[in-house]
Amino acid sequence: MASALVIAAHGSHLNPDSSTPTFDHADRIREVGAFSEVREAFWKEEPSFREVLRTLDAEEVYVVPLFISEGYFTEQVIPRELRLDGWTPEAWASDGVSATAATFRPRDVEKQVHYCGPVGTHDAMSDVMAHRADTVLDARAGSQVGLAVVGHGTERNENSAKAVQYHAARLREQGRFTEVKALFMDEPPEVDELTSHFDSEDIVVVPLFIADGYHTQEDIPEDIGLTSDYRTGYDVPAMVDGHRVWYTGAVGTDSLVADVILERARDAGASIPANRLDDAHSSPQPV
Amino acid sequence: MASSDVDRLRAHAAEHGIDTDTLSLTVVDDRYRLVVDGTVYEDLTEGEVRDTLATHPAAVREWAFWHRRAPQADARWAFLRWIEDADAHSSPSDRRAALTEGEQQRWGQLLVRVRLNDAQRRAYELRHVDDADRSAEQLDAYDDPRTARALAKYDNDGRYRPLATAPTLQTGWVFAGLEADALVQAVDFFYPATIANWHRERTGTLDVTHWAETTERQTGIYAVTEELDGAAVDWVAEACCVDSQCLKRRQWDETADRTLDVARGDGTFPCREPCSLVIAAARKWALLEREDQQTYTVQLTPSEKEQLETMLDAVADGTTDEVREADVGNAANRYRARYLRAKRAGDELFESPEDDE
Ligand code: SF4
């Protein structure tokens, strides 16, 4: 039966580039052809969460939030605006990073909505981070590479820190990087003391953000010592306190995020052909 | 005519029966009953059906388009019919004759055109209404509907358009030779959800959510919007929703019982609920409206008072860019504003009550 995919993202009234990763991921998924319809929806742009479902023909809809963590948007705003009848955050039975999906009927359309956990907390996101790190590292990096996963911090939502720590723990376990640290902009351990957290000569910094914006393009490059003024630009890698610091920009812009979105829908029961992320899993990791 | 259309039609009739406004074809015990172009044919064999249909090519083609190629989804289907005023043409051949000439409709700032191409199939074209008379060579041609998302992002001056239905769509592009499904997709990328809500309105099922209900639902930093009520809601609509600012026709009011005293607009498609841009602006206004009013005294010449009013209008109407550099006759001219600021701002333009104490 035909089913549709909705990618639910934040969007912006001020920044035209905020929605670009959402469009890019949607287009990659359109090309996979697993869904009869793929539609982007936004809190701040159009179609709104409120009106996206009525634009779709399919009666079966998978909604995947393009957000970093469980919290205000995924638990309150999106389900409320989609009019998911009977939603409560308990429906996900999540510990803060373990939501998969729950099924509801919206009140304004004759459809069944499989409301999935956010992209940012899916296990596959750890692989995207590693992939992202590998794409910036080159032959200059030594054999000892430390990885810093950077998040905003608990100021707005405690689960956002949980998501950062969750992926840091997974990446540590995988042993791909010599050291893995979870660092934050707003709370300890803080990203602006980056080099003090690592012994490795090379440090690669991967921000767990959905889109590039002033946090990832202005604050973090300055915080980690790549530059004292983001407007003057910076080189990657840059030498900071005797460490070579590599920087990736927001992980959410990586093309593999499209596969994480597909994984989310697949976990919720969508039938989806094997995708590129599986290939990435099975290929040997470059070191 | 493609004979495959005849075959498909016959196969479709055998399986499901066909009963449309274009033609009806039913089969009982291998004998067909056909109604086409007002004529009833009874007791036909398969071969006779085929031969008879071949004498009604327009009807077969119309059936093939509306019941096979066009998106089989109510809202989009109705939109495609509306574009070519399909219900106004009584017979399939009238309809196709009209399409040879071409039909068109406006949808916001979009101009949708449809005509039959050399293969006698519908080809749709989409461009800005202001580009109606420009030749295709003068416009940038696109064929992927997804490009509409990028075109909708910026106005002609390269500024970001946060509201898809603001009357600031950029000009200079054309989508030509689109199939029906690509056409509706492009329209939905320019003006998301407008087709769905327009169709709901036409079928009497538009679910309007009024101001009070929308603001009551808000949480977090937008919870404060609930404080705006009464005349302030009119001011919000006047600021954001009139035709000069948004091409949707506002169907929401403060409540179902308290209609706003502001023009709804003449838009083709409805606005069923205050949008996120309006809610974000309303948050600011709600916070500002918490302040108390004060009385200020101000010393101005009559012309200076008039100048302040003209400048307010120029900003509110977005016409400051149009005032020429040296047009000092215009009160919203930059030099005029700078002179006023130099003269008056030095000693506090407005005297606050406390300043007297
Ligand atoms: S609320 Fe106003 S500005 Fe927003 S879409 Fe509706 S009519 Fe347009």
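Lettering of chains follows the sequences in order, A, B, ..., and the numbering in each one begins at 1. These numbers come from a predicted model, not from an experiment.
The environment of Asp85(A) atom CG is dense: over 12 non-hydrogen atoms of other residues, nucleotides or ligands sit within 6.0 angstrom. With a 6.0 Å radius and a threshold of 12 heavy atoms from other residues, nucleotides or ligands, Asp266(B) has its CG atom at or below the threshold. With a 6.0 Å radius and a threshold of 12 heavy atoms from other residues, nucleotides or ligands, Glu31(A) has its CD atom above the threshold.
Going from atom CZ of Arg30(A) over to atom CZ of Arg146(B) covers 6.0 Å, rounded to the nearest 0.5 Å. Rounding to the nearest 0.5 Å gives a distance of 10.0 Å between CD of Glu37(A) and CG of Asp188(B). Atoms NZ and CG, from Lys153(B) and Asp17(A) in turn, are 7.5 Å apart once rounded to the nearest 0.5 Å. Rounding to the nearest 0.5 Å gives a distance of 8.0 Å between CH2 of Trp43(A) and CD1 of Ile279(B).
Ala75(B) does not touch chain A: none of its heavy atoms, backbone or side chain, sits under 4.5 Å away. With a threshold of 4.5 angstrom between heavy atoms, Gln76(A) approaches chain B through side-chain atoms but not through N, CA, C or O. Residue contact with chain B, scored on non-hydrogen atoms closer than 4.5 Å, involves the backbone of Asn15(A) exclusively. For Tyr222(B), the part lying under 4.5 angstrom from a heavy atom of chain A is the side chain only. Proximity to chain A (any heavy atom under 4.5 Å) is shown, for Ile195(B), by neither the backbone nor the side chain. Of the atoms belonging to Phe189(B), heavy atoms from both backbone and side chain fall under 4.5 Å from chain A. Neither the backbone nor the side chain of Gln72(B) comes within contact range of chain A; no heavy atom of the residue lies under 4.5 Å from a heavy atom of that chain. With a 4.5 angstrom heavy-atom cutoff, Thr194(B) does not touch chain A via any of its atoms.
Taking chain B as the reference chain and counting heavy-atom pairs below 4.5 Å, the highest number among Pro47(A), Pro16(A), Gly11(A) is found for Pro16(A). When each of Lys44(A), His13(A), Glu46(A), Glu45(A) is scored by its heavy-atom pairs under 4.5 Å with chain B, the top score falls to His13(A).
Across all their heavy atoms, Asp108(A) and Arg200(B) have their closest contact at O-NH2, 2.8 Å. Pairing each heavy atom of Thr55(A) with each of Arg76(B), the nearest pair is O-NH2, 3.0 Å. What you find for Tyr72(A) and Gly220(B) is that their closest heavy atoms are OH-N, 3.4 Å.
Proximity of Arg107(A) to Asp207(B): side-chain heavy atoms (C-beta onward) are nowhere separated by under 4.5 Å. Contact annotation: the side chain of Arg39(A) approaches that of Pro192(B) to within less than 4.5 Å [non-hydrogen atoms, C-beta and beyond].
Formation of a donor-acceptor pair under 3.5 Å by the Arg80(A) side chain with backbone atoms of Arg217(B) is found in this model.
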Does Arg54(A) form a side chain to side chain contact (heavy atoms under 4.5 Å, CB included) with Arg272(B)? I'd like the steps, not just the answer.
CA-CA 13 Å; Arg54(A) 64 189 56 201; Arg272(B) 49 162 297 283; 3.3 Å; yes
